[in-house]
K.L.:
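Got a structure for you, written out below as C-alpha cells; questions coming shortly.
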Amino acid sequence: MTNIEEALALLAAPYTDERFFTRALSALTLVTQCRWAGFARLSNQPGFGEVIAFCDGKKSIPSFQFELKGSPCEQVYLDTEKYHLIFNKDLQNRFPDFHLIKSLGANSYQAEKIVNESGEILGHIFVLDPLPQSENTKSKEFFRLLAQRIGVEYHRHIISQELVQHQQMISSSEQYMSFVDTDYIYRVVSKGYETLFNLTQEQIIGKRVVELHGLPVFEKQIKPLLDRCFSGEQIKTQVWIHPPHIAQPIFLDVHHNPYYDASGKVKGSIVSAHNITELEQAKNRVEFLANHDSLTGLANRRSLFQQFEKLLAVQSNSSNRVAIIYIDIDDFKSINDSFGHQVGDIVLKEIAKLLTQHCTQHDTVARIGGDEFVLITTFPSTGQQSSAQSLLHRLREQLQQILCTSLVIDGKQVDVSASIGFHLVSDTSAKPSTLISHADNEMFKYKQKHSRRG
C-alpha cells in the first residue's frame, strides 16, 4: 500500500469523536513524509495559539498553548491572501525564540489554513520536520483537501459540543409549566407563558387552550396529547407548535403527567415543556453536514450510497429503470492552476447548480470527488434495451450541452466542458460501488475516445 493509499484509508473511516483529528494528522505525516503534524487555532487568550491535536507519527501528544509572536503559526494569520505557507529550511534561525521548534529540533514547516463556508478561519494544519521540505503538487493538494475535510468535521465537533451545552441547560431549566384541567382550561401557568402568548399570567389563567393556540394547533397537536393524559397516560414527546403571537414555530420537548384527586380521578394534566428549537436546528445542521458536500451543498459520497441502496432495494418491484450518470469536469486542474482554487471552487458550485436545475426532484445528484459528480436517475421502462440506451445517449448529449459553457468569474472567462459516462442498471442486487464504477469506466472510455479525436 502506498503512502497516499494508506493516508486515504485513514481518512475513510467516518467521524466519531476527536480521534478523527489524530487519524487525519497521521495521514498528513504519511503523505508529506514529515515527522510531526498538528492542528492549531487561535486561543481565547489574546496573543496565543492553541494546538488541539498534535502527533509524532502514530503517537498522539496532549494539546498545549503557545505564544503566537515569533512563531511560524503567526505568519499563517498575518498573510490574508495565502492559504498555504512553507518555510522549507532554517526554521530555527528564522524563529530562534520559539520553544517548540527548539525542543523538537525542527528545521522546516508547512501549513494550510482551515476555513468554514463563510470564509472565516477556523485554524490551520501544519507539519514540522528535522530535514528541509520541498513543496510538491501532490502534497500541496492533499494539504488543501485535508484542510477542507477537517474544517467540516471540526464544525460538526463544535456543533456537537453546543448540543451538549444546550442539553445541560434544558435539564436544569423548566421554561413552560402549566396545569390544564379536563375542560382544557389553563388553571396555573409559569412565567414563561407570558412570552409565549404576549400576555400576563393573570390574563392567561382561566382561558381555554384553544383560545390561545388557535383551533388548528389545538385540534391537531395539543388536544390529542391532553386526551391521552386525561385517560391516565404519562406522555413524553417532542412537537412543533406555532402560537399566533410569535413569529416562528418553536420545537418543544413536552411532558404530560395526569393529576389525580383524592378519589383517584384524573382532574387534569401537569404540562412541562422546554423550548429546544435551537437544539433541533443544531441537530438538523449536523445531519446536513454529515450528508452533504460542504462546498456545493449536493449529496456527498456517504449520502449517495445510502440513497442508492434504498433505491435498488425497491427496484425489483418497480417498472422503472435506474441509470447512473458519471460526470468528470475536463482538465479541471488547469482551471485551478490558471485561475486559482477560489475560482475553481466557484466553477464547481456553478456546475452543481446547473445539474440541480436540469434534474428532477426524484433524481439524486452528488459530488463524490474533487471534480467528479454522479447523477442517479429513473425512468419508465419500455421493455426494450435499445430504447433505454437511446434515451441515455440523448440525456448525455443534453448534459454535455449544458455543462459545455463559459463562465465569467471576477471578470475572467472560464471555459468548462465535461466527459460523461452512463450505466443502465440491470442487476439490482449488485453493490452500489460496483454499479457506479461501471459508469466511471464508461466515462473514462468516452474521455479517451474524444481526446484522441481532438
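For reference, positions follow the sequence shown, starting with 1.
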K.L.:
For the residue pair Thr296 / Asp293, report whether a side-chain donor-acceptor contact shorter than 3.5 Å exists.
P.N.:
yes
K.L.:
Strictly distance-based, threshold 3.5 Å: is any side-chain N or O of Ser108 a donor or acceptor partner for the main-chain N or O of Leu131?
P.N.:
yes
K.L.:
Is there a side-chain contact between Arg41 and Leu122 (heavy atoms, below 4.5 Å)?
P.N.:
no
K.L.:
Check whether Asn291 reaches the backbone of Ser303 with its side chain - one donor and one acceptor, N or O, closer than 3.5 Å.
P.N.:
no
K.L.:
Taking salt bridge (Lys or Arg N to Asp or Glu O under 4.0 Å) as the test, write out the residues that go with Asp227, two or more places apart.
P.N.:
Lys223
K.L.:
With a 3.5 Å cut-off and sequence neighbours excluded, list the donor-acceptor pairs that the side chains of residues 341-355 form with protein atoms.
P.N.:
unit_1: His341; atom_1: ND1; unit_2: Arg144; atom_2: NE; d: 3.3
unit_1: His341; atom_1: ND1; unit_2: Asn336; atom_2: OD1; d: 3.4
unit_1: Gln342; atom_1: NE2; unit_2: Tyr83; atom_2: OH; d: 3.4

K.L.:
For a side chain to side chain donor-acceptor pair (under 3.5 Å) check, start with the C-alpha distance between Ser334 and Asp337, then their side-chain angles and the critical distance, and finish with the verdict.
P.N.:
CA-CA 5 Å; Ser334 69; Asp337 292 344; over 6 Å; no
K.L.:
Would you call Ser103 and His99 a side-chain contact if the rule is heavy atoms closer than 4.5 Å?
P.N.:
yes
K.L.:
How many angstroms lie between atom OG of Ser406 and atom CD of Gln413, to the nearest 0.5 angstrom?
P.N.:
4.0 Å
K.L.:
Which heavy atom of Gly38 sits nearest to which heavy atom of Phe54, and what is that distance?
P.N.:
CA-CD1, 3.9 Å
K.L.:
Rounded to the nearest 0.5 Å, what's the gap from OG1 on Thr356 to NE2 on His358? Could you check?
P.N.:
11.5 Å
K.L.:
Walk me through it: do Lys412 and Leu407 pass the test side chain to side chain contact (heavy atoms under 4.5 Å, CB included)?
P.N.:
CA-CA 8 Å; Lys412 304 169 185 174; Leu407 302 171; over 6 Å; no
K.L.:
Using every non-hydrogen atom in the two residues, find where Leu375 and Cys359 come nearest and quote the distance to one decimal.
P.N.:
CD1-SG, 3.4 Å
K.L.:
Can you say whether the rings of Phe251 and Trp240 are parallel (under 30°), tilted (30 to 60°) or perpendicular (over 60°)?
P.N.:
tilted
K.L.:
Check Gln110 against His84 and note the closest heavy-atom contact, atom names and distance.
P.N.:
OE1-NE2, 2.8 Å
K.L.:
Please report the interatomic distance CG(Leu252) to CD(Gln221), rounded to the nearest 0.5 Å.
P.N.:
9.5 Å
K.L.:
Do you know the tightest heavy-atom contact between Pro432 and Phe305?
P.N.:
CB-CD2, 3.9 Å
K.L.:
Output every pair passing salt bridge (charged side-chain N to carboxylate O under 4.0 Å, His left out) with a member in residues 393-411, not counting sequence neighbours, ordered by first then second residue.
P.N.:
Arg396-Glu442
K.L.:
Could you point out which residue of Ile327, Asp440, Leu304 forms a side chain to side chain contact (heavy atoms under 4.5 Å, CB included) with Val374?
P.N.:
Leu304
K.L.:
Where is the tightest heavy-atom contact between Thr277 and Pro249, given as atom of each residue plus distance?
P.N.:
CG2-O, 4.4 Å
K.L.:
Go through the steps for His256 and Val254 under the test side chain to side chain contact (heavy atoms under 4.5 Å, CB included), then give the verdict.
P.N.:
CA-CA 7 Å; His256 288 77; Val254 187; 3.1 Å; yes
K.L.:
Side-chain contact test, heavy atoms from C-beta onward, threshold under 4.5 Å: evaluate it for Trp36 versus Thr29 and give yes or no.
P.N.:
no
K.L.:
Side chains of Leu128 and Arg35: closer than 4.5 Å at any heavy-atom pair?
P.N.:
no
K.L.:
Is the shortest distance from a Lys or Arg side-chain nitrogen in Asp330 or Lys447 to a carboxylate oxygen in the other one below 4.0 Å?
P.N.:
yes
K.L.:
Identify each donor-acceptor pair in which a side-chain atom of residues 66-76 lies under 3.5 Å from a protein atom, sequence neighbours left out, and give them as a table.
P.N.:
unit_1: Ser71; atom_1: OG; unit_2: Leu68; atom_2: O; d: 2.6
unit_1: Ser71; atom_1: OG; unit_2: Cys73; atom_2: N; d: 3.4
unit_1: Ser71; atom_1: OG; unit_2: Glu74; atom_2: N; d: 3.3
unit_1: Glu74; atom_1: OE1; unit_2: Gly70; atom_2: N; d: 3.3

K.L.:
Could you check if a side-chain atom of Val31 sits within less than 4.5 angstrom of a side-chain atom of Phe143, using non-hydrogen atoms only?
P.N.:
no
K.L.:
So, taking the atom named CG in Leu399 and the one named SG in Cys404, what distance separates them when rounded to the nearest 0.5 Å?
P.N.:
12.5 Å
K.L.:
Any chance you could measure Lys333, atom NZ, to Asp371, atom CG, to the nearest 0.5 Å?
P.N.:
11.5 Å
K.L.:
Once rounded to the nearest 0.5 Å, what's the spacing between atom CG of Leu28 and atom CZ of Phe126?
P.N.:
10.0 Å
K.L.:
Run the side chain to side chain contact (heavy atoms under 4.5 Å, CB included) check on Ile376 and Asp363 step by step: do they pass?
P.N.:
CA-CA 6 Å; Ile376 307 291; Asp363 295 338; over 6 Å; no
K.L.:
What pair of heavy atoms forms the shortest contact from Tyr176 to Gly192, and how long is it?
P.N.:
CE2-O, 3.2 Å
K.L.:
Heavy atoms, side chains only, cut-off 4.5 Å: are Asn275 and Leu196 in contact?
P.N.:
no
K.L.:
Parallel, tilted or perpendicular for His124 and Tyr77, by the 30°/60° rule?
P.N.:
perpendicular
K.L.:
Please determine whether side chain to side chain donor-acceptor pair (under 3.5 Å) holds for the pair Asn257 and Gln234, giving the CA-CA distance in whole Å, both sets of side-chain angles, and the decisive distance to 0.1 Å.
P.N.:
CA-CA 5 Å; Asn257 290 285; Gln234 287 186 334; 3.2 Å; yes
K.L.:
Around atom CZ of Phe288, are there more than 12 heavy atoms of other residues, nucleotides or ligands at under 6.0 Å?
P.N.:
yes
K.L.:
Run the numbers on Ile121 and Lys113 for side chain to side chain contact (heavy atoms under 4.5 Å, CB included), then give the verdict.
P.N.:
CA-CA 7 Å; Ile121 300 175; Lys113 288 179 186 175; 4.1 Å; yes
K.L.:
With the side chain counted from C-beta on, respond yes when Ile368 and Tyr326 share a heavy-atom pair under 4.5 Å apart, and no when they do not.
P.N.:
yes
K.L.:
Phe308 versus Thr364: any side-chain heavy-atom pair under 4.5 Å?
P.N.:
no
K.L.:
Take Phe95 and Tyr109, measure what ring-ring contact (aromatic ring centres under 6.0 Å, His included) needs, and give me the verdict at the end.
P.N.:
CA-CA 11 Å; Phe95 305 97; Tyr109 171 93; 7.5 Å; no
K.L.:
What residues form a ring-ring contact (aromatic ring centres under 6.0 Å, His included) with His393, not counting sequence neighbours?
P.N.:
Phe422
K.L.:
Excluding sequence neighbours, so at least two apart, what forms side chain to side chain contact (heavy atoms under 4.5 Å, CB included) with Gln45?
P.N.:
Ser43, Phe48, Gln65
K.L.:
If we ignore angles and hydrogens, is there a donor and acceptor under 3.5 Å between the side chains of Arg367 and Asn300?
P.N.:
no
